[in-house]
Structure formats: structure tokens, C-alpha cells
2 protein chains.
Amino acid sequence: MKNKYLVIYQEMVKQIEQGNFHPNQFLPSEHDLTDKFETSRETIRKALNLLAQNGYIQKIRGKGSMVIDRNKFDFPVSGLVSFKELADKMGEKPKTFVHTCHLINPSHYIQEQLKMSDSDQVWEVIRARSFAGKYIILDKDYLAKKYISFISRDIAEQSIYSYIENELGLVISFAKKEIIVEEPTEEDRDLLDLEGFHNIVVIKNYVYLDDATLFQYTESRHRPDKFRFVDFARRNH
Amino acid sequence: MKNKYLVIYQEMVKQIEQGNFHPNQFLPSEHDLTDKFETSRETIRKALNLLAQNGYIQKIRGKGSMVIDRNKFDFPVSGLVSFKELADKMGEKPKTFVHTCHLINPSHYIQEQLKMSDSDQVWEVIRARSFAGKYIILDKDYLAKKYISFISRDIAEQSIYSYIENELGLVISFAKKEIIVEEPTEEDRDLLDLEGFHNIVVIKNYVYLDDATLFQYTESRHRPDKFRFVDFARRNH
DNA sequence: GAGTGGTCTAGACCACTCA
DNA sequence: GAGTGGTCTAGACCACTCA
């Protein structure tokens with residue numbers, strides 16, 4: 001058994017998702033939870049703060065922890081989500097066509113994005129994603145060879161993230177995301193079913209390991225009619 | 001003086017932003033900070049966790065808290081940011097034209113978004129935002145009269161959020177954001193300088209108070225060439 | 001006044017890093 | 001082995017809610 005507060009958090013998530021606690025109702029008090037889980041109050045509070053951060057509860061001073069109606073928030077994808085995780089949640093069966101998967105000497109632009117020196121090589125992975133027979137998303141990944149020594153087409157067809165975390169044992173820690181809208185490139189027109197759309201939504205993702213090294217730059221290029229980004233955020237006071 | 005951990009957090013932010021601690025260098029250890037601020041380690045850790053959450057530092061076990069190079073992340077606008085706050089950070093001088101500011105009996109669509117009953121009235125505020133003489137953004141705000149009893153054109157010209165928080169004393173707690181791309185409406189064409197763009201980026205915002213009541217629905221409609229959304233996110237493990 | 005959550009303390013034990 | 005951060009404890013005092 002691992003961290004107590006994580007175990008308690010996961011247990012509470014399960015209970016809320018199973019409907020054991022209903023929206024707008026209050027959880028047991030911190031005192032009661034302390035007894036129930038046979039732990040200290042600060043440990044309970046760590047678990048509850050995670051629940052609040054992830055949009056499961058609202059803590060109200062003097063009253064208690066109220067369950068939030070998460071149905072209002074269809075998938076609250078805060079944070080990093082790879083295409084595969086996202087597709088799983090959407091319940092559709094997407095297909096991936098690996099167009100390119102090889103080592104390159106990166107262009108000046110990619111070097112700049114990855115803040116790397118001239119001599120370093122980079123894995124370039126270009127994948128088109130289809131839903132219901134239409135190519136909708138073009139993912140262009142650039143991974144520093146320094147940290148990711150090898151990628152195969154097979155891996156690219158599955159999830160690069162799960163390869164990095166489960167096979168290589170690296171820990172992805174944080175990312176900066178930037179969303180903008182551009183004109184489609186020749187490549188977009190070639191590899192996607194644009195069907196006359198004049199714009200493309202570009203999500204630029206800069207992904208960092210747990211020692212704060214930038215190892216991956218990704219452009220996820222979406223047809224605008226199929227693009228949707230959802231975020232849950234708490235205001236810092 | 002308020003919460004110790006917030007004071008310490010703000011002090012550390014100031015020091016990092018002033019360059020007293022340099023990127024890729026380590027902060028003093030938690031032990032040292034405990035001495036320096038004459039407090040307990042858990043209080044220091046609360047402050048450091050806030051710094052990590054907001055992208056100022058990366059904590060590395062056994063080593064210390066490393067300062068992240070925030071220049072890589074131009075404005076890491078995580079969470080809720082109103083137009084005015086955003087414009088301030090961009091340094092441009094925008095103008096706001098208040099097109100509409102009145103009480104209405106909401107349409108079925110607005111009722112649904114705000115999860116309200118038939119009889120409740122709503123403030124409708126429609127504002128066009130211009131940068132460098134061009135109308136670029138159309139903000140359509142719908143605020144439940146139940147919680148916000150009054151709004152004037154003057155308030156709408158300034159910041160509605162600062163009115164709500166500073167004048168009315170309400171506390172905005174969290175929001176769900178959804179970003180999609182649509183065809184421009186007639187209203188978009190009327191009030192914005194679209195200059196031939198065929199799409200419009202729509203940010204739908206559902207804003208909640210600290211008792212988890214939904215009080216505001218906002219559509220922020222951006223010309224695609226001027227749209228930019230930046231996010232910093234930590235991965236939950 | 002009883003019950004709630006928010007902050008803070010002073011300590012403990014542990015896993016990890018690095019010389 | 002000394003130094004680092006991660007977790008956990010058992011308690012304290014406080015502000016707030018509600019009957």
C-alpha cells in the first residue's frame with residue numbers, strides 16, 4: 001500500500017463516481033473521515049484538497065465538503081492528456097496512420113522550440129488520426145534523442161506517452177500548452193480530410209520531465225469543426 | 001498580516017521574479033527556509049507547493065527546489081482570467097464598446113446554460129473589444145439577477161469581475177471553460193471587424209461562486225488570427 | 001455552543017541524492 | 001553519512017455556520 005492520502009483520494013473518487021455521495025450533499029466531516037480511515041486530519045485534508053482541485057467537491061468553511069455535480073462538466077480534462085487517453089474518454093474508436101517515424105537533424109524552428117543545440121538529433125513522428133473514416137487530427141511530435149533513444153512505428157501507433165512512462169520509466173511532470181488558429185499548410189491538406197475548412201486549430205505542447213528538462217515538442221493540428229478543449233480551473237486568491 | 005504560507009509564497013514569487021534566484025538554481029532547502037521565515041516545515045511546504053503548482057519551481061526529491069525558467073512560458077495564464085486582466089498583461093491599450101447592458105427574460109438556451117428556472121431574470125451584457133482600432137473580440141455575458149442584482153454600463157466598461165469581487169463582496173471560486181470553433185453569426189459580422197475570416201473561436205465560460213452556485217455564463221468570441229490561449233499544467237500521477 | 005473547515009506547530013520516519 | 005524533500009501524526013487555536 002502506498003501513500004495514505006492518495007489511497008483515500010482514490011477511494012473517495014470511486015465513491016463519488018459510483019453515486020454513493022450525491023451532488024449538493026456533504027461528505028462526512030473531516031473529523032468523521034479521520035475516524036473512518038484511521039488517520040490524522042492533515043492526511044484527510046490532503047485527500048480532500050485533491051478532490052477539490054480536480055472538481056469533485058467544493059469546500060465550504062463552517063459547513064463541510066459539498067459534492068459538485070460533475071455531469072455539468074463532461075470530461076474535465078485539466079492538465080496533460082494524450083490523444084489516446086482523450087479518445088478513450090470520448091468512447092469513439094479512432095484509427096492512427098503513422099506517416100513518419102524517424103530520426104532527423106531538426107530544423108531551426110524545432111531546435112528553437114526544444115531549446116537544444118545544433119548537434120542533437122530528434123525523433124520526428126507524424127501521425128494522422130481518423131474518426132469514422134475521416135482524417136481529422138494531425139499530430140507532429142518531436143522528441144529529443146538525448147532522452148528518448150528509440151521509437152518504433154509500433155510504439156507510435158499505440159501511445160508514445162505510455163511507452164515513455166511505462167517502458168522507459170521516465171516521469172512526465174508538466175507541460176505548457178498553447179492554442180492558436182492557423183491557415184492549413186500543404187501537409188495539412190495532404191494528410192487530413194479538410195473538406196473545405198479554411199482554418200486549422202493548432203495545439204502546441206511543450207512537455208517536461210520531472211527534472212524539468214524539456215524533451216518533447218508536439219503540434220496537434222485539428223480540423224476546426226472537430227476541435228473541443230475543456231478545462232476546469234480554480235481561481236487563485 | 002494574513003496567512004503565513006501565502007505571505008511566504010508571495011515573498012518567494014517576488015524574489016524569483018526580481019531575479020534573486022536564477023533559473024536552474026536551487027532555492028534554499030526547506031530546513032533553511034524554516035529558519036529564515038521562523039515557521040514550521042509544513043508551512044514552508046505549503047508555500048513551495050503553491051510555487052510548484054504555478055510553474056515557478058520544480059521540486060526534485062533528494063536535491064531541492066529548482067527554479068523554472070519562466071521566460072519559456074510567456075504569460076502562463078492558468079485558470080480564470082478576465083479580458084481586462086489579460087489585456088493588462090499583454091501591455092496593449094484595448095477599448096471596450098458596451099453594446100448592450102440590460103435585464104432580460106433569458107432564452108431557452110441561456111436558461112439551460114445557467115441551469116435556472118423559467119421565472120429568473122438575467123443581465124445580458126454584450127461588449128466588443130478593440131485593439132489598435134479593430135474590433136477583435138465579442139464578449140457576451142449572462143449573469144443571474146438572483147446573485148448579481150445590478151450592473152451598469154459603467155461597470156461593464158470596466159471589469160465585471162472586479163465589481164463582483166470588490167464591490168459586491170462575492171467570491172469567484174472556479175469555472176469550467178470550453179473552447180470550440182464556429183461559423184460567425186450575423187451579430188459577429190455586425191459588431192466585429194472580421195475582414196473575411198470564416199471562423200470564430202468561442203470560449204464558453206461557466207463561472208461559480210464559493211458556495212458552488214453557477215451565476216455566470218460567458219461567451220468570448222475571438223477573431224481566429226488574434227486568438228491565443230496559453231496554459232501551464234502539472235500532470236496528476 | 002456545538003460542529004465545521006483553515007492554519008500552524010514540532011516532531012517523526014522514510015526514500016532519495018551525492019560525495 | 002549528511003542533506004534533501006515526501007509523508008504522516010496529534011495536537012492547538014481560530015473563523016465561520018447554524019440552531
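In what follows, chains are A, B, ... by sequence order, proteins preceding strands, each numbered from 1.
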K.L.:
So which atom in Ile179(A) and which in Phe227(A) form the shortest heavy-atom distance, rounded to 0.1 Å?
P.N.:
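Heavy-atom minimum between the residues: CG2-CZ, 4.1 Å.
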K.L.:
OP1, OP2 of dT9(C) versus side-chain N and O of Thr43(B): anything below 4.0 Å?
P.N.:
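The answer is yes; a side-chain N or O of Thr43(B) sits under 4.0 Å from OP1 or OP2.
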K.L.:
Kindly say if Lys4(B) contacts the phosphate of dT7(C), meaning a side-chain N or O under 4.0 Å from OP1 or OP2.
P.N.:
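Lys4(B) to dT7(C) OP1/OP2: no side-chain N or O under 4.0 Å.
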K.L.:
At under 4.0 Å, does any side-chain N or O of Lys63(B) touch on OP1 or OP2 of dG3(D)?
P.N.:
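For dG3(D), neither OP1 nor OP2 has a side-chain N or O of Lys63(B) closer than 4.0 Å.
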K.L.:
Would you call Asp139(B) and Arg221(B) a salt bridge, using N to O less than 4.0 angstrom?
P.N.:
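Looking at Arg221(B) together with Asp139(B), the answer is no, because their closest N to O distance does not fall below 4.0 Å.
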K.L.:
DNA chain D: Glu42(A) or His31(B), which has the more 5' nearest nucleotide?
P.N.:
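Looking at the nearest nucleotide for each, His31(B) comes out on the 5' side.
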K.L.:
Rounded to the nearest angstrom, tell me the gap between atom CD1 in Ile60(B) and atom P in dG6(D).
P.N.:
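The distance from CD1 of Ile60(B) to P of dG6(D) comes to 10 Å, rounded to the nearest Å.
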K.L.:
Quantify the bending of the helix from dG1(C)-dC18(D) to dC18(C)-dG1(D) as the angle between its end axes, each fitted on five pairs, to 10°.
P.N.:
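It works out to 10° between the end axes.
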K.L.:
Determine the minimum heavy-atom distance between Val125(B) and Ala156(B), stating which atoms define it.
P.N.:
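Answer, listing the atom of Val125(B) first, then Ala156(B): CG1-CB, 3.7 Å.
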K.L.:
Whether Ser40(A) contacts dG11(D) is assessed here as follows: a side-chain N or O lying under 4.0 Å from the phosphate OP1 or OP2. Is that the case?
P.N.:
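Answer is no, no contact under 4.0 Å.
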K.L.:
On a heavy-atom basis, which atom in Tyr163(B) and which in Ile155(B) lie closest, and how many Å separate them?
P.N.:
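Heavy atoms of Tyr163(B) and Ile155(B) come nearest at CE1-CD1, 3.4 Å.
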K.L.:
Does Arg41(A) put a side-chain nitrogen or oxygen below 4.0 Å from OP1 or OP2 of dG5(C)?
P.N.:
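Checking dG5(C) against Arg41(A), no side-chain N or O comes under 4.0 Å of OP1 or OP2.
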K.L.:
Please name the pair of heavy atoms, one in Pro106(B) and one in Asp120(B), separated by the smallest distance, quoted to 0.1 Å.
P.N.:
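Closest heavy-atom pair between Pro106(B) and Asp120(B): CD-O, 3.3 Å.
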K.L.:
Would you say Ser29(A) reaches dT4(C)'s phosphate, i.e. side-chain N/O to OP1/OP2 under 4.0 Å?
P.N.:
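Checking Ser29(A) against dT4(C): at least one side-chain N or O falls below 4.0 Å of OP1 or OP2.
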K.L.:
Could you tell me whether the phosphate oxygens of dC8(C), OP1 or OP2, come under 4.0 Å of any side-chain nitrogen or oxygen in Tyr5(B)?
P.N.:
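For dC8(C), neither OP1 nor OP2 has a side-chain N or O of Tyr5(B) closer than 4.0 Å.
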K.L.:
Does the plane of the ring in Trp123(A) sit parallel, tilted or perpendicular to the ring in Phe150(A)? Use 30° and 60° as the thresholds.
P.N.:
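If you compare the ring of Trp123(A) with that of Phe150(A), the planes turn out perpendicular.
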